[in-house]
Amino acid sequence: MKNYLILILTFCSLPIFCQQEGWILSSGKVDQYTGIVAANGRIGILPEDKPFQTKSVILNNVFDKESPLGVSKILLGMNFVNLDMEIDGELITEENCTDFRQELDMKNAAFTTTFTFKDKAQISYTIYALRNVQYAGYVDINVTAMKKIRLKTTGIISTPEEYQNPVSTFRILKDLETTMPILQTVAKSRLGKHTVGTSATFIWHAINSTREHQRPELTHKKVSAYDNRLSFEKELKKGEVYEFAWTGAECSTQDFEDPQTESERFVIFNLLTPRKALLGQHKERWSELWEGDIIIEGNLQDQLDVRLALYHLYAFSRGDSDLSIAPMGLSSQGYNGHIFWDTELWMFPPLLLLNQDIARSLVNYRSNRLAKAKEKAINFGYDGAMFPWESDDTGEEATPAWALTGTFEHHITADVAIAFWNYYRVTQNKDWLSARGYPLMKEVADYWVSRATKNEDGTYSIKNVVGANEFAPNVDDNAFTNGAAITALEFAILAAAEVGETVPLIWNEVASNIRILKFEDGTTKEHAAYEGERIKQADVNLLTYPLNIVNDPETVLKDLKYYEPKLAEEGPAMGQSVFAVIYARLGNVKEAYRLFRRSYEPNKRPPFGALAEAATSNNPYFATGAGGMLQVVLFGFGGLDITEEGIVQKNPILPKEWNSLTLKGVGPDKKMYIID
C-alpha cells in the first residue's frame, strides 16, 4: 500500500473543520461547541473552548449513590486539569486571546490548544490522559514570549461541591537531595462510599527538577477546601521559549487501599521521568492500539468519522482492566456510567476483531459479576444467571426502579452469552472457555430454560418482557428477546461440546421450539401484540444481523422494508447501522452507504464531530453509536463474519464514494483485508 500525506482545508457542516492525514481534527472558535475527550480507559478529561479550561474529569468504575434514595452514579472526579495563566498581571481569557485553535491528534491521543495573547505571547498546551500511567493526566505547555513579559501560572485542583469534607494541602516531600512539591486534595465522595485522593505538581523540563534552588518559587493558596492552588512566576525575555508541564493523578478506594499516597506516587513518577520517555511510552501504547485500524482511501471525511469512532472505543477501554464501557464512555456521567447491552451487542464486535485484549476485559467484566447475576435469578424465581439491565461496580441491578427496563428487559442475559461464544470463536482460547466462558454460558442457558413457558402446541414463549424496542413494554414473544435466547442456548450447546461437558436435553428442546412470530405475509412480527407502531430501535432486524436466524433473502428484505420506515427519529442511531449491514450483505451498496451515513451524520456535533445518541439529542459522546457505524464498515462493507472457523471474509462490497477499504490488524493473527 502506498502512503499518502494529505492536507486539505474544507468547509462543511462542521465550522472551520480542518482535516489532515486522516488523523487530525481541528477547529477555530465556533458558536456551538462539543469537546472531544482525552481518555485512557481509567480517566476521561473533557476540554472546553476556553484557554486552560477543562469541563470535567470522569473516573471509570468508581460509583456512589446519586442521592440517598437513588441508584449508583459514576463519580465526577476532582478536576486537576484547570490552570490560570497571567501575563503582566492580566488573566488570559477567551476575550483577550486571538488565533484560538484546537486540535485532536487521534494517532497520539493528544488534544492541543493554541492561541496568541495580545502582542505579548504565543501559547500552546497539549492534554494527555496518559495511557502508560493510567490514573494520571499531563498538560504540556509552551510559551513563546513576543516581548519581555512576566508570566504567572496557577495549577488548580477543583473539587465538585458534592464531595464531603475535603482536605486540601501543599507539601514538599524530600528524599535526600530530591524535593517533590505536591498539591493535594483528599475527600469523601458524595455519600461517603469512597475516599478520593488527587495530587498534582508542576514540571520544568529544561532544568534538573530535583534541585530546589533551580525551580521558580512556588506559592500555595487555598481559596477554599474545594479550590486548591499552586502558582509560580517567571520573567521571560523577548523571543524566549519556555516549556513546562502540569501533571496530576486521581485515585480512589475503588482501586486502592490508600488512594492519597498512591496519587502522590504517580505524580512523583511523572515529575522525575523525562518528558520524552513519559510521553514516548504513552504514544507507543497508542501505536500498539492502532495496529487495529480502518483505512479508507478516496473519502477523507468518512476516514475521519470512522477513525474518530474507533479512537473513542480505544480511549474508553483498556486490555488490562477487566472493565466494560458505558454508553457515553468517559465523556460524561450520562446514563450514570452504567453498563448496558450497548457493550456486548454494539461496541464489543469491532473491538473483538481489532483488539482481543480489550475484548477480553469486556467479557471478564461480566464473568467477574456472575455470582451477582445468579443471585438475581434466584431472587426473581429463575434458575441460572440473570444479568442486570444496568450494571455498575457491584454487578447488581442499577437501573432506577421506575424504569421498566431494569425489571423486564431480559435479552441482556442472552447478549452477554453471545459475546462470550464470539470471543472464543475468535481467540480459540480454551483455557478461558473452561475457566470463564462455559461456566457463564451454562448458567445463562439454565436461565432461559426456566424463563421460557411451554405452550399447548409444544412451542415455548418468553412472556412479559421489554425488547430492544423499548417503546413496547411488557409484551410476549418479543422477536429479538426470543432470537437472542435461542442463540444463547445454541451457543451453550456448542461450548459444552468444546469443553467436554454433557448437554442437558432440555437446552435443545427449548432452543428448537421458542417462537418467532410472523404476520400473514411472512414479515417477522416484533411481538405478539404488535400492530405496526413506531419503534425506538431495530429489534426484528437483529434476527438477521447479528443473529442469523432470519436469513432467507426474501424475508430479510421484507423485514427491512417494513421496519426501516417505522424507526423513530428520536431513537438511538444503532438501528440504521443494522439496516446498513444487512443491505451490504445483500449486495445493495447504495442503500448500505445511505444508511451508514444516516447512522451517524445527523448525530455529529460541531466542531469535531462528536456523536450524540440521536439526531434530536445533545449528549455526546455516544460510544454505542460508534460501535454501530464501525460494524457497518467491518461486517458490512468489509464482508467479515465471526464463525465457528473464526473470522472469515465472505462478500465484501465497496461504496462508490471510496477508492479502497483496508481493515488492518484483524484477529489474533493481525490479518489485513483490502477491498478496492
**Student:** What pair of heavy atoms forms the shortest contact from Leu630 to Ile294, and how long is it?
**Tutor:**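 Heavy-atom minimum between the residues: CD2-CD1, 3.8 Å.
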**Student:** Mind listing the closest non-hydrogen atom pair of Lys604 and Gly609 along with its distance?
**Tutor:** CG-O, 3.9 Å
**Student:** If the plane angle is over 60° it's perpendicular, under 30° parallel, otherwise tilted; pick one for Phe202 and Phe232.
**Tutor:**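 Because their plane-to-plane angle is over 60°, the rings of Phe202 and Phe232 count as perpendicular.
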**Student:** Start with the C-alpha distance between Arg190 and Glu162, add both sets of side-chain angles, then the distance that settles salt bridge (charged side-chain N to carboxylate O under 4.0 Å, His left out), and finish with yes or no.
**Tutor:** CA-CA 5 Å; Arg190 54 182 163 262; Glu162 66 184 31; 2.8 Å; yes
**Student:** Would you call the rings of His338 and Phe63 parallel, tilted or perpendicular if under 30° counts as parallel and over 60° as perpendicular?
**Tutor:**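 Answer is tilted, since the angle falls between 30° and 60°.
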**Student:** Among Glu95, Glu48, Glu94, which residue satisfies the salt bridge (Lys or Arg N to Asp or Glu O under 4.0 Å) criterion with Lys29?
**Tutor:** Glu94
**Student:** Can you check whether Gln631 reaches Pro350 side chain to side chain, under 4.5 Å on heavy atoms?
**Tutor:**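 In short, these two side chains touch, coming nearer than 4.5 Å.
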**Student:** List the steps, then state whether side chain to side chain donor-acceptor pair (under 3.5 Å) holds for His282 with Asn108.
**Tutor:** CA-CA 8 Å; His282 165 85; Asn108 295 307; over 6 Å; no
**Student:** Using the salt bridge (Lys or Arg N to Asp or Glu O under 4.0 Å) rule, collect all pairs that involve residues 132-160, keeping only residues at least two apart or in two chains.
**Tutor:** Asp119-Lys147, Asp140-Arg275, Arg150-Glu233, Arg150-Glu235
**Student:** For the pair Tyr593 and Asp302, evaluate side chain to side chain donor-acceptor pair (under 3.5 Å) and give the outcome as yes or no after the intermediate values.
**Tutor:** CA-CA 11 Å; Tyr593 185 75; Asp302 285 357; 2.6 Å; yes
**Student:** So, taking the atom named CD1 in Ile203 and the one named CG in Leu271, what distance separates them when rounded to the nearest 0.5 Å?
**Tutor:**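 If I round to the nearest 0.5 Å, the distance is 5.5 Å.
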**Student:** Quick one: do Asp84 and Thr154 satisfy side chain to side chain donor-acceptor pair (under 3.5 Å)? Show the steps, please.
**Tutor:** CA-CA 5 Å; Asp84 282 346; Thr154 302; 5.5 Å; no
**Student:** Quick one, Leu104 and Ile24 - any side-chain contact, counting heavy atoms below 4.5 Å?
**Tutor:**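 Of all side-chain heavy-atom pairs linking Ile24 with Leu104, none is under 4.5 Å.
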**Student:** Should we count NZ of Lys238 as having more than 12 external heavy atoms under 6.0 Å?
**Tutor:** no
**Student:** What verdict does the salt bridge (charged side-chain N to carboxylate O under 4.0 Å, His left out) test give for Glu240 and Lys237, after you've listed the backbone C-alpha separation in whole Å, the side-chain angles of each residue and the deciding distance to 0.1 Å?
**Tutor:** CA-CA 5 Å; Glu240 184 175 354; Lys237 296 179 288 188; 5.4 Å; no
**Student:** Hey, mind stepping through Lys222 and Asp227 against salt bridge (charged side-chain N to carboxylate O under 4.0 Å, His left out) and telling me if it holds?
**Tutor:** CA-CA 6 Å; Lys222 186 168 74 173; Asp227 186 336; over 6 Å; no
**Student:** Determine whether Glu243 and Asn142 satisfy the following criterion, side chain to side chain donor-acceptor pair (under 3.5 Å), listing intermediate values before the conclusion.
**Tutor:** CA-CA 5 Å; Glu243 295 182 322; Asn142 181 296; 3.3 Å; yes
**Student:** Check whether Asn40 reaches the backbone of Leu130 with its side chain - one donor and one acceptor, N or O, closer than 3.5 Å.
**Tutor:**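 Side chain of Asn40 to backbone of Leu130, a donor-acceptor pair under 3.5 Å: yes, one is there.
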**Student:** Can you run down the salt bridge (Lys or Arg N to Asp or Glu O under 4.0 Å) pairs that involve residues 34-47, sequence neighbours left out, and say none if there aren't any?
**Tutor:**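 Of all non-adjacent pairs touching residues 34-47, those that pass salt bridge (Lys or Arg N to Asp or Glu O under 4.0 Å) are Arg42-Asp255.
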**Student:** Parallel, tilted or perpendicular: which describes the rings of Phe111 and Phe608, with under 30° parallel and over 60° perpendicular?
**Tutor:** perpendicular
**Student:** Do we see a donor-acceptor contact under 3.5 Å between the side chains of Glu297 and Asn659?
**Tutor:**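 Result is no, nothing qualifies.
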**Student:** Does the pair Arg318 and Asp320 meet the rule for a salt bridge (charged side-chain N to carboxylate O under 4.0 Å, His left out), with working shown?
**Tutor:** CA-CA 5 Å; Arg318 297 187 67 86; Asp320 53 13; 2.9 Å; yes
**Student:** Specify whether His312 and Tyr621 have parallel, tilted or perpendicular ring planes, treating 30° as the upper limit for parallel and 60° as the lower limit for perpendicular.
**Tutor:**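 His312 vs Tyr621 ring planes: parallel.
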